[in-house]
Each structure stands twice: as C-alpha cells, then as structure tokens.
Amino acid sequence: MPYVYINMIIDFSSMEETHVEGFKGGEGLMHSRGMYDGHNRMMLNRLEPGATGGYHEHTGNCEMIYVLSGTLDFVQDGSLERCSAGSLHYCPKGHAHGFANNGAEEALFLAIVSEQC
C-alpha cells in the first residue's frame, strides 16, 4: 500500500474559537480552535486558571498535549504529573486522564487526538 502524503497548513488563527464550559465533565471554561479530518482531531486550547478537563478514557484513540505556556496538572491512571511549557503529555489508547490548570495564568496547549497510535 503506497504512503499518502497530504500537505496541509493548519492555521488556528483563522478558525472560530469555541467556548466549552465543563469540558468532559470538568469545571470552568476552555477556549478551543480546531479541526477534525475524520480520524484525527487537532486543537489549540486555552484553559483558564482553576478550570479542569474531566477524567476520561481514550478507548479508540490516543492524545498528545503539548503545553505552549502556563502549566497543566494531569492525573493519568491514578498518577499525578505536572506538565509545563515545552513539555508534552501523552495518554496512550486504552488509558484515562484528566487535567487541571492550577496555576495563576491561562494555560495554552496544542492537543492532538489520533486514531493512529
């Protein structure tokens, strides 16, 4: 089977920003710009201080979250870890995680959810 290469620039600044209250059962407000191609979801998110993303399982996909600014605290499979700017959190398929912005500033992060993990 030949490899198919798609050349695509994803310009988050040209996308409408949505505002999600209580993402995945969490608390507070997350702002998101993103796209979905039917297999992969790519999002640039802003999480306000004190806001959380609810604990959820990735049954058919994995998620990679690269923190651009601020910090996010993750609970994955019962373990707590802090991810600061320049670090990437990885949640493999079949695992569960949730996150919180426990800092004083907004957290900006790129989230990629892929079926191809």
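Quick caveat, the model's predicted, so the values are computed rather than measured. Just so you know, these numbers use all the heavy atoms, side chains as well, and skip hydrogens, waters and symmetry mates.
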With ring centroids as reference points, do His58 and His56 lie under 6.0 angstrom apart?
yes
Side-chain heavy atoms nearer than 4.5 Å, only ILVMFWY residues, links allowed to pass through others: does that put [X] and [Y] together?
X      : Y      : value
Val67  : Tyr90  : no
Ile112 : Tyr66  : yes
Phe23  : Phe109 : yes
Val113 : Leu88  : no
Met64  : Leu108 : yes

Regarding Arg41 and the six-membered ring of Tyr36, is the cationic atom NZ or CZ under 6.0 Å from the ring centre and inside 45° of its axis?
yes
Would you tell me whether His31 and Glu48 have side-chain atoms, one donor and one acceptor, within less than 3.5 Å of each other?
yes
What closest approach, in Å, do Cys83 and Phe74 show between heavy atoms, and which atom pair accounts for it?
CB-CE1, 3.6 Å
Considering all heavy atoms of both residues, which atom of Ala85 and which atom of Ser69 are nearest to each other, and what is their separation?
CB-CA, 3.9 Å
Any side-chain heavy atom of [X] sitting closer than 4.5 Å to one from [Y]?
X     : Y      : answer
Met35 : Met8   : yes
Leu44 : Leu68  : yes
Asn40 : Ser114 : yes
Glu63 : His89  : no
Leu72 : Ile65  : yes
Ser32 : Thr18  : yes

To the closest 0.5 Å, what do you measure between [atom1] ([X]) and [atom2] ([Y])?
X     : Y      : atom1 : atom2 : value
Cys62 : His95  : SG    : NE2   : 10.5 Å
Arg33 : Ile10  : CZ    : CD1   : 14.5 Å
Arg46 : Glu105 : CZ    : CD    : 13.0 Å
Gln76 : Cys91  : CD    : SG    : 4.0 Å
Glu17 : Asn45  : CD    : CG    : 9.0 Å
Leu47 : Thr71  : CG    : OG1   : 10.0 Å

Under 3.5 Å, is there a donor-acceptor pair between the side chain of [X] and the main chain of [Y]?
X     : Y     : value
Thr52 : Glu27 : yes
Tyr55 : Asp77 : yes
Asp73 : Phe99 : no

Is there a side-chain contact (heavy atoms from CB on, under 4.5 Å) between Val75 and His97? Walk through the geometry before answering.
CA-CA 5 Å; Val75 173; His97 69 159; over 6 Å; no
